[in-house]
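Below you'll find the structure, written out as structure tokens, and then a few comments.
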Amino acid sequence: MKGGILSLFAETSLHPGVGQVVGAVDLPVAREKTIGYPVIVGSSLKGALRDKAEQVWVEKEEKLKRIFGESNQAGSLLITDARLLLLPVRSLPGPFKWVTCPYILERLKRDGELMGLSWDFDIPDPGDKALVQEEMGELFLEEIVFPTSKGKDLNKIVETLKEFIPHDSVKKRLETQLVIIDDKEFQYFAQYGLPVNARNVLNKNKTSDNLWYEEVIPPDTLFYSLIFERKLTEGQNDLYEVESLFKDSPYLQVGGNETIGQGWCRIQWFSGGESR
């Protein structure tokens, strides 16, 4: 099967929710069960892509059915969950750092191999330190302080991650704002470091009818998804068809709260080789 990688760079807050739960946060974001990282579930991403296609492909119902499927037929595209790659975390010196960890980088390399791509960087071992491009003494991430160390060959990781980022200005900032920390420490920020917003419904007397707390993924978070194509007909190139959706407008809205401007992502698409 042919495949491609779709990166999603959050321009606004995202809320890929899981519905209401009992707890301190009424509406948390979706997470990977085993590791607690925020995730955009593949079915949600596929639905967002289909909505985009319905706006662009006017009166092309057969193409929509072939690519995205229908109730009694699977589509030609196989879309994975969008996995976390970079998480912005509030820091001193500020305003924030892009944080990742060895496990995420290891998984990225494995996903690349699956897509027929090879990235030339070694998986670092930060230990109890924060790996940065230039040592800076101590680094505060939220309320936790880390001693810093200059990461060996960190520039190779930076150059790889730049491929997933659509903005030249953001690529430049990544050179000084990338931080790599231990898997366990990163898991803490992924589970407990996301913004939680209080939202309210007021009645006609301007008093509260319903107060709830909603977790969101902050702007500048970076995700990526693997997309494969099953050949159903001769000469079919549905990966190109999906890529062409973003030719005039490279944006996609995913998750909930669309009417209050959440969910906007800038798309970066690049194709792999034959999947292995």
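Here the structure is a predicted model, which means the values were calculated and not measured.
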> Do you know the tightest heavy-atom contact between Tyr213 and Asp26?
Replying inline: N-OD2, 2.8 Å

>> Whether the side chain of Thr160 engages the backbone of Lys156 through a donor-acceptor N/O pair (distance < 3.5 Å, no angle test) should be reported.
In response: yes

> How many angstroms lie between CG in Asn197 and CG in Asn200, if you round to the nearest 0.5 Å?
Replying inline: 13.0 Å

> Below 4.5 Å, heavy atoms only, C-beta onward: do Leu226 and Ile5 meet side chain to side chain?
Replying inline: yes

>> Take a 6.0 Å sphere around CG of Asp122 and say whether it holds more than 12 heavy atoms from other residues, nucleotides or ligands.
In response: no

> When the ring planes of Phe186 and Tyr37 are compared, do they come out parallel, tilted or perpendicular, using 30° and 60° as the limits?
Replying inline: perpendicular

> Are Val145 and Leu92 co-members of a hydrophobic cluster defined by side-chain heavy atoms under 4.5 Å apart?
Replying inline: yes

> Ignoring hydrogens and geometry, is there a side-chain-to-backbone donor-acceptor pair from Asp182 to Lys184 under 3.5 Å?
Replying inline: yes

>> In terms of relative ring orientation, are Phe189 and Phe146 parallel, tilted or perpendicular, with 30° and 60° separating the classes?
In response: tilted

> Looking at Pro38 and Val29, what are the two nearest heavy atoms and their distance?
Replying inline: CB-CG2, 4.4 Å

>> On the six-membered ring of Phe223, is Arg83 placed so that its NZ or CZ lies under 6.0 angstrom from the centre and within 45° of the ring axis?
In response: no

>> What's the separation between atom CZ in Arg266 and atom NE2 in His167, rounded to the nearest 0.5 Å?
In response: 5.0 Å

> How close do Ile157 and Leu178 get, heavy atom to heavy atom, and via which atoms?
Replying inline: CG2-CD2, 4.1 Å

> Can we call the ring centroids of Trp98 and Phe164 under 6.0 Å apart?
Replying inline: no

>> Run the side chain to side chain contact (heavy atoms under 4.5 Å, CB included) test on Thr221 and Leu14 for me, step by step, so that the C-alpha distance in whole Å, both residues' side-chain angles and the decisive distance to 0.1 Å come before the verdict.
In response: CA-CA 9 Å; Thr221 302; Leu14 311 182; 5.7 Å; no

>> Show, in sequence, the C-alpha distance, side-chain angles and deciding distance for Ser225 and Ile40, and conclude whether the side chain to side chain contact (heavy atoms under 4.5 Å, CB included) test is met.
In response: CA-CA 9 Å; Ser225 173; Ile40 301 172; over 6 Å; no

> Looking only at heavy atoms, what is the nearest atom pair of Leu84 and Tyr224, with distance?
Replying inline: O-CE2, 4.5 Å

> Would a hydrophobic clustering, with Ile, Leu, Val, Met, Phe, Trp and Tyr connected at side-chain separations under 4.5 Å, put Ile123 with Ile180?
Replying inline: yes

> Taking all atoms of both residues into account, what is the closest heavy-atom pair of Leu45 and Val254, and its distance?
Replying inline: CD1-CG1, 4.2 Å

> Would you say Ser7's side chain and Gln268's backbone share a donor-acceptor pair under 3.5 angstrom?
Replying inline: yes

>> I'd like to know if Leu194 and Val179 are part of one continuous hydrophobic network [Ile/Leu/Val/Met/Phe/Trp/Tyr, side-chain heavy atoms within less than 4.5 Å].
In response: yes

> Rounded to the nearest 0.5 Å, how far does NZ of Lys65 lie from CD of Gln73?
Replying inline: 8.5 Å

>> Within the supplied structure, the quantity of interest is the number of heavy atoms (other residues, nucleotides, ligands) at a distance under 6.0 Å from Lys171 NZ; does it exceed 12?
In response: yes

> Is Glu113 paired with Lys109 through a side-chain N to carboxylate O contact shorter than 4.0 Å?
Replying inline: no

> When you check the gap from the basic side-chain N to the acidic O, do Arg31 and Glu215 get nearer than 4.0 Å?
Replying inline: yes

> So Val201 and Trp212, side chain to side chain contact (heavy atoms under 4.5 Å, CB included) or not? Walk me through it.
Replying inline: CA-CA 9 Å; Val201 174; Trp212 74 93; 3.4 Å; yes

> More than 12 foreign heavy atoms under 6.0 Å from CZ of Arg50: is that the case here?
Replying inline: yes

>> Any heavy-atom pair between the side chains of Glu11 and Phe9 that's under 4.5 Å?
In response: yes

> Can you check whether Leu239's main-chain N or O pairs, donor with acceptor, with Glu229's side chain at less than 3.5 Å?
Replying inline: yes

> What is the distance from atom CD of Glu62 to atom CG of Leu64, rounded to the nearest 0.5 Å?
Replying inline: 9.5 Å

> Say you draw a straight line from NZ of Lys152 to CG of Asp125; how long is it, rounded to the nearest 0.5 Å?
Replying inline: 12.5 Å

> So do Arg90 and Phe140 actually touch side chain to side chain, heavy atoms under 4.5 Å?
Replying inline: no

> Looking at Phe68, does the NZ or CZ of Lys46 lie under 6.0 angstrom from its six-membered ring centre and within 45 degrees of the ring axis?
Replying inline: no

>> Would you say that more than 12 heavy atoms from the other residues, nucleotides or ligands in this model lie under 6.0 Å from the NZ of Lys162, or not?
In response: yes

>> Could you check whether any side-chain heavy atom of Val56 comes within less than 4.5 Å of a side-chain heavy atom of Ser244, counting everything from C-beta outward?
In response: no

> Taking Thr100 for the side chain and Leu85 for the main chain, is one N or O donor matched with an acceptor at less than 3.5 Å?
Replying inline: yes

> With the 4.5 Å side-chain cut-off for hydrophobic clustering, are Ile144 and Ile181 part of the same group?
Replying inline: yes

> Would you call Lys60 and Glu241 a side-chain contact if the rule is heavy atoms closer than 4.5 Å?
Replying inline: no

>> Is there a side-chain contact between Phe246 and Lys52 in this structure, where contact means two heavy atoms from C-beta onward sitting under 4.5 Å apart?
In response: yes

>> Quick check: is Val170 connected to Ile267 through a chain of hydrophobic side chains (ILVMFWY, heavy atoms under 4.5 Å apart)?
In response: yes

> What are the two closest heavy atoms between Pro102 and Pro126, and how far apart are they?
Replying inline: CG-CD, 3.5 Å

>> Quick check for you: to the nearest 0.5 Å, what is the distance between Cys101 atom SG and Gln187 atom CD?
In response: 9.0 Å

> Is a side-chain N or O of Thr12 found less than 3.5 angstrom from the main chain of Gly263, in a donor-acceptor match?
Replying inline: yes

> Parallel under 30°, tilted from 30 to 60°, perpendicular over 60°: which one fits the rings of Tyr192 and Tyr188?
Replying inline: tilted

> Does NZ belonging to Lys172 count more than 12 external heavy atoms closer than 6.0 Å?
Replying inline: no

>> Please determine whether side chain to side chain contact (heavy atoms under 4.5 Å, CB included) holds for the pair Asn257 and Arg199, giving the CA-CA distance in whole Å, both sets of side-chain angles, and the decisive distance to 0.1 Å.
In response: CA-CA 12 Å; Asn257 298 333; Arg199 296 189 59 193; 3.2 Å; yes

> Quick check: does any side chain N or O of Glu243 sit under 3.5 Å from a backbone N or O of Trp269, one acting as donor and the other as acceptor?
Replying inline: no

> Does Arg107 reach the side chain of Ile35, with side-chain heavy atoms less than 4.5 Å apart?
Replying inline: yes

> Are Pro218 and Ser13 side-chain neighbours, meaning at least one heavy-atom pair lies under 4.5 Å?
Replying inline: no

> Does Thr176 offer a backbone N or O that forms a donor-acceptor pair with the side chain of Glu134 under 3.5 Å?
Replying inline: no

